[in-house]
Each structure stands twice: as C-alpha cells, then as structure tokens.
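Just below is one structure, and these are the notes that go with it.
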Amino acid sequence: MTSKKILTLVFVKEPGKILLGMKKRGFGQGRWNGFGGKVEKGETILEGAKRELLEESGITANSLNRVGLINFEFENDPVILEVHIFKTSDCIGSPIETEEMRPQWYAEDSIPFNQMWPDDHLWFPYMFSNKIFEAYFLFKGMDVIVSHWIKEMKNL
Ligand code: 6U4
Ligand code: NA
Ligand code: NA
C-alpha cells in the first residue's frame, strides 16, 4: 500500500533574484531549497505553506501564487511525496536564520544547482518563465533520478 505526504515549498522572488534557504537538519539537509514542510491537520495547503515560510524564514506572505505540483516516489519506499510549489513577491519582513534554514538571496543566473535536489534544475526554468507545471520524479536514493516527466499546465 502506498501513502501520500502533502508538502509545501515556497519561493520568495524579487526581480532577478530568489531567496533560498540552506536546510540545516532533517530531510534534504545540506541542500539549498525553498521553504516548506508538511501540511498539518486542520490547515489548508495554502495555510501550511504560509506557516512554514514564516517558521523557517521569518517572512510573512500576504499572497502566494501556484507554480507547480510534483509527485516524488523513491524506489522501495511506499510513501509518495506530493509537493505543492508556490512563489511570492508579496510579503513582509526580511529573512532571518532559523533552526531549520539559513537564508540567502541568489541571482537568477547563479542558482547553486549542484547543492540542491537534482530535480530542481529541470523545473526551475518553468518557474522563472512564469509557467505552471506538473511533474513526476522517481528517485533511487537521494541523488539519482531514475525516470521523470514534466508538463506545462494551464492551471493546477
Ligand atoms: P519537520 O522537521 O518534521 O517539521 P517539515 O518542515 O514539516 O519537517 P520537511 O522539512 O521534511 O517538513 O519538508 C521537506 C521539504 O523539502 C518540503 O518543503 C518539500 C521539499 N522537498 C522534498 N523533496 C524535494 C525535492 N526532490 N526537490 C525539491 N524539494 C523537495 O526541490
Ligand atoms: Na521544512
Ligand atoms: Na512542519
């Protein structure tokens, strides 16, 4: 039997640059990523996304825009991760380091893909060109993509 975990991933964007956080602990430790985590009981996906952004970066988003939806599977693991990706430029506060994340701004043309999840370089171009996408990745361990697809969507 497979089961699903609903996760969020939020990117704060300003013209020409994006805020990433170095994950200091837990799943994805040592990789730059957006901010996010598990959606909790009793909250919507959007509420979960805003809560995780605030908890992990100190930033409050007034609104979030849907960017994409990715299902991740790992070989020999029955748990599917359903990750809802958002971006925002409509937020309050400046990034602070938290127990989970060390934030840093990156220019759009110098994203540290070699210190990120290996799927990111495949779908960041969609996000940067304001395309909405749906994708699937099958991983073997944390570093190898066995198979994948990405398709542009009108909406999600
Ligand atoms: P705890 O420590 O239980 O509170 P929580 O913050 O709720 O954890 P966490 O940090 O495990 O959740 O969430 C994982 C984060 O990593 C989510 O934002 C989704 C993201 N993520 C998972 N796989 C990814 C992948 N292959 N590529 C990617 N982001 C991924 O770009
Ligand atoms: Na998290
Ligand atoms: Na959490």
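Bear in mind the structure is a predicted one, so any value in this text is a computation, not a measurement. Throughout, residue positions are numbered sequentially from 1 according to the sequence presented.
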Identify whether [X] and [Y] are in the same connected component of the hydrophobic contact network (ILVMFWY, side-chain heavy atoms under 4.5 Å).
{"X": "L46", "Y": "I132", "value": "no"}
{"X": "V39", "Y": "V83", "value": "no"}
{"X": "L64", "Y": "I18", "value": "no"}
{"X": "V67", "Y": "F128", "value": "yes"}
{"X": "I96", "Y": "Y106", "value": "no"}

With heavy-atom distances below 4.5 Å as the criterion, would you say the side chains of M22 and W32 are in contact?
yes

Flag yes if more than 12 heavy atoms outside E75 fall under 6.0 Å of its CD atom; otherwise flag no.
yes

Does atom NZ (K131) have a neighbourhood of more than 12 heavy atoms from anything else shown, all under 6.0 Å?
no

Pick from [options]: which one makes a side chain to side chain contact (heavy atoms under 4.5 Å, CB included) with [X]?
{"X": "P118", "options": "H148, M142, R31", "answer": "R31"}
{"X": "K140", "options": "L138, D143, V144", "answer": "V144"}
{"X": "F72", "options": "L81, I145, V79, L7", "answer": "L81"}

Passes side chain to side chain contact (heavy atoms under 4.5 Å, CB included), M127 versus F86? Steps please.
CA-CA 9 Å; M127 175 163 70; F86 301 90; over 6 Å; no

Can you tell me how far the [atom1] atom of [X] sits from the [atom2] atom of [Y], to the nearest 0.5 Å?
{"X": "K38", "Y": "K5", "atom1": "NZ", "atom2": "NZ", "value": "5.5 Å"}
{"X": "E73", "Y": "E82", "atom1": "CD", "atom2": "CD", "value": "12.5 Å"}
{"X": "S63", "Y": "K50", "atom1": "OG", "atom2": "NZ", "value": "7.0 Å"}
{"X": "K23", "Y": "E56", "atom1": "NZ", "atom2": "CD", "value": "6.5 Å"}
{"X": "I111", "Y": "D120", "atom1": "CD1", "atom2": "CG", "value": "10.0 Å"}
{"X": "L20", "Y": "M101", "atom1": "CG", "atom2": "CE", "value": "8.5 Å"}

Show, in sequence, the C-alpha distance, side-chain angles and deciding distance for C91 and V12, and conclude whether the side chain to side chain contact (heavy atoms under 4.5 Å, CB included) test is met.
CA-CA 8 Å; C91 40; V12 175; 3.8 Å; yes

When F11 is tested against each of W105, Y126, F124 for ring-ring contact (aromatic ring centres under 6.0 Å, His included), which residue passes?
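The single option meeting the ring-ring contact (aromatic ring centres under 6.0 Å, His included) with F11 is F124.
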
Just say parallel, tilted or perpendicular for the rings of F27 and W117, cut-offs at 30° and 60°.
tilted

List the steps, then state whether side chain to side chain contact (heavy atoms under 4.5 Å, CB included) holds for R51 with T8.
CA-CA 10 Å; R51 176 185 51 74; T8 60; over 6 Å; no

